[in-house]
Amino acid sequence: MREVAVIAYAQTPMTRDAGAQNEVELIMQVVHQALDEVKLNQTDIDFTCSGSCDYLQGVTFAFVDGLNAVSSVPPINESHVEMDAAWALYESWLKIQMEEADVALVYGFGKSSPGELRSIMTLQLDPYYLAPLWPDSVSLAALQAKAMIDNKMITEESMAKVVKRSRKNAKSNPNSQLSGDFSIGDLLSEPIFVSPLRKHDCSPITDGASAIILATKEKALSLCRNPAFITSIDHRVETAQFGYRNLTSSPSIQKSSEVINLSDYSIDAAELHAPFSHQELLLIKELQLNEEVSINKSGGVLAGNIMMSAGLDRIGSMFNLIKSGKVRTGLAHATSGPCLQQNMLIIMESKNE
Amino acid sequence: MSELAAVVGMGQTKHSSKNGEVSIAGLVRESAEKALLDAELEWEDIDAVILGKAPDMFEGVMMPELYLTDALVANNKPILRVHTAGSVGGSTGIVAASYIQSGMFERVLVSTFEKQSESNAMWALSTTVPYAPLINAGAGGYFTPYMREYKRRFNVPEHIGRIVAVKDRLNALKNPYAHLHIPDINLEMVEKSPMLWDPLTFLESCPSSDGACSLVISSERSVTDNQLPAWIHSTSMRSEPTMYAGRDAVNPQAGSECAKDVYKKAGIKDPIKEIDCAEIYVPFSWYEPMWLENLLLADIGQGWLMTEKGHTSLEGKFPVNMSGGVLSSNPIGASGLLRFGEAAQQVRNKAGEYQVQGAKLALGHAFGGGAQFFAMWIVGANKP
């Protein structure tokens, strides 16, 4: 296996509404910022891969326009996943493993502001038996939270603690959308949104884009002072049938933890892609992370949630922590689908002495 | 160096305008089961699933890999969804091959589909984009100016498009899975069919199909004695913007560079001599000669002569679209993988009535977007 590392990461400020800035304008900033960070040009990139979703933009082939943000004259070796860009990173990682590429550019983008995200996400469900009932993404997450509360795994107070920490951590993240100091009492006095969730238990509606550059060890060490090496990576999906799922556990996380040998690592920090506060608590339990592990230093997606890039942002946020020397071994997690249906785990490490 | 990968199974549905017998999941499942049967493998032998399809609005299901998890028995396995416009079937095959070539997986299932009857492709392709003119033309209206330009540029006679339309439909009669079976197809019938976009008549255009195609791709060490492997000699993808100053949409640079790359990686110096046959993405008749040139299989301006002389027919020197091609079946998301898979079937000697005798090396090709995304692979009966 070739050693591959994240060597650059850029993210737009996460905003509620990017207004007239279109997707191309959002992507262009981050692609150029990431390339500049390691002094590369598009011609130095062997493989480019992006993640996005047509339904956010409301047009077919949203990614075709997105390609205008990178220099693709002369033509480039390029692909796209209709998924969170964390999976575009996975595809790029495979291309590096098969020696088709040494350096890869990955980007993801999403503008959730123009549409009604809660309802749009319903279209991910079984189109014959479930989607026609129109359960929205917040209501499905609320079912999961309720099941966890009923099983005495969490309380409304423990959920509020997650939000409190996210907002506090987000104060030091210049791109965050929501940050600040809140008391548990303040948070619990907020009205219920979809029982048992309050609005702050749900990740916000966000517009933005982000980009990551991956490179082989040799390239990484020559371009970046402290690259974050991808030591282990795996992703798994669970059944789409809600009737078959126990929403208070995550077999896919358990399986991936096993595959990446998570228990062999001493994890300093984790960036978890939990769009709802209770999901962070479920992930911590399933990943068996102890209290010493620092969770979501970036604020996580509760502080800003760029759809189709939020998973990639977890990897990018972990890169930031490793690059700055604050973390030696970290875990990044990405998710897709209702109630954490699909999950990716990545161990990232510094090799600096 | 990358690991060697081979196609060891292919499955497809009978393509049709509206397959009302099965759900989307049922359609995809049918092709996957047939691919496993062909490979003599079971679901538990599959390590990962790679799904490809064209825009989600073609069915109205967002990111359908999530919903299709159970149908493809991907539970607790990795699943990845590729979308690269019309080239997606080809790109998905290439991404699936990279799972094996990376050395990370032993056997993967790649499934692609389109169930166009669930929605309306013309509507889905005509959504309003801010600050852009609404074309409302669908794919045919978009591509016809390029075909017209090809015809004008090289002074190509009118009947060339019709020859392709007849040839591919005759081939389709030998393919039980093809959507269009028109037994009495002839040049006059094509000429007399309604004019859609000059010079393209109704019968020179592809149908809208419901259909699915799946392949099983295996590592070298997992290929068993009873499987007939189609070894993947090379793969390549290239993309360029829809528009830029100086772009030649008739002979796109991304296409010819992709062809050069895929031949070079396979060690092919003289493609028209070394390759035995090709499955090329030809959704509109005129694209056969255009792509022959873009693929460096004919000199510029000479592609139509190959078509006219019958070289691309099943009995010709260089058979193209032996299965009937996109002109006979177009489940968009699967159309590229059908090209890749049909190329593999030829070198596996499993193409039935449309088998090219002694085919040892075949090209699979797909394109998408505004003829700006390209995916190609070369498969061989022998190891590279």
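Keep in mind that this is a model prediction, so the values were computed, not measured. First the proteins, then the strands, lettered A, B, ... as listed; each starts at 1.
- Contact annotation for A:Y90: only side-chain heavy atoms (C-beta onward) come within less than 4.5 Å of a heavy atom of chain B.
- In this structure, A:F63 has its ring center under 6.0 Å from that of B:F373.
- Heavy atoms closer than 4.5 Å to chain B are found in the side chain of A:Q341, but not in its backbone.
- Most heavy-atom pairs under 4.5 Å with chain B, from the set A:V64, A:T48, A:L123: that is A:L123.
- Heavy-atom distances place both the backbone and the side chain of B:M237 under 4.5 Å from chain A.
- Scanning both residues, B:M57 and A:G58, for their nearest heavy atoms gives CE-C, 3.5 Å.
- Here the side chains of B:M104 and A:W93 are in contact, with some heavy-atom distance below 4.5 Å.
- Interface remark: B:E257 contributes side-chain atoms only to the contact with chain A (heavy atom separation under 4.5 Å).
- Heavy-atom distances place the side chain of B:D70, and not its backbone, under 4.5 Å from chain A.
- When heavy atoms are compared at a cutoff of 4.5 Å, A:S50 does not approach chain B at all.
- Across all their heavy atoms, B:V61 and A:L125 have their closest contact at CG1-O, 4.4 Å.
- Side-chain contact between B:R238 and A:N77 is present, with at least one heavy-atom pair separated by less than 4.5 Å.
- Residue B:I100 does not touch chain A at all, counting heavy-atom pairs closer than 4.5 Å.
- Heavy-atom distances place no part of B:K53 under 4.5 Å from chain A, backbone and side chain included.
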- Report the C-alpha separation of A:Q124 and B:Y67 in whole Å, then their side-chain angles, then the decisive distance to 0.1 Å, and conclude whether the side chain to side chain contact (heavy atoms under 4.5 Å, CB included) test is met. CA-CA 7 Å; A:Q124 286 186 337; B:Y67 146 65; over 6 Å; no
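- With a 4.5 angstrom heavy-atom cutoff, B:P241 touches chain A via backbone and side-chain atoms both.
- For a residue to count as touching a neighbouring chain, one of its non-hydrogen atoms must lie under 4.5 Å from one of that chain's; by this rule B:F105 touches chain A with the side chain only.
- No more than 12 heavy atoms of other residues, nucleotides or ligands sit less than 6.0 Å from atom CE of B:M243.
- At a threshold of 4.5 Å between non-hydrogen side-chain atoms, the residues B:H83 and A:M83 do not count as touching.
- In this structure, chain B has no heavy atom under 4.5 Å from any part of A:L130.
- Looking at A:L94, both its backbone and its side chain come within 4.5 Å of chain B, counting heavy atoms on both sides.
- Shown are B:M62, B:M63, B:E65; of these, the side chain to side chain contact (heavy atoms under 4.5 Å, CB included) with A:E82 is made only by B:M63.
- Within the 4.5 Å cutoff, the side chain of A:K95 has heavy atoms near those of the B:I94 side chain.
- A 4.5 Å side-chain heavy-atom check between A:Q342 and B:T69 finds every atom pair outside the cut-off.
- For A:E100, the part lying under 4.5 angstrom from a heavy atom of chain B is the side chain only.
- Looking only at side-chain heavy atoms (C-beta outward), A:R236 and B:N76 come within less than 4.5 Å of each other.
- In this structure, no portion of B:E59 lies under 4.5 Å from any heavy atom of chain A.
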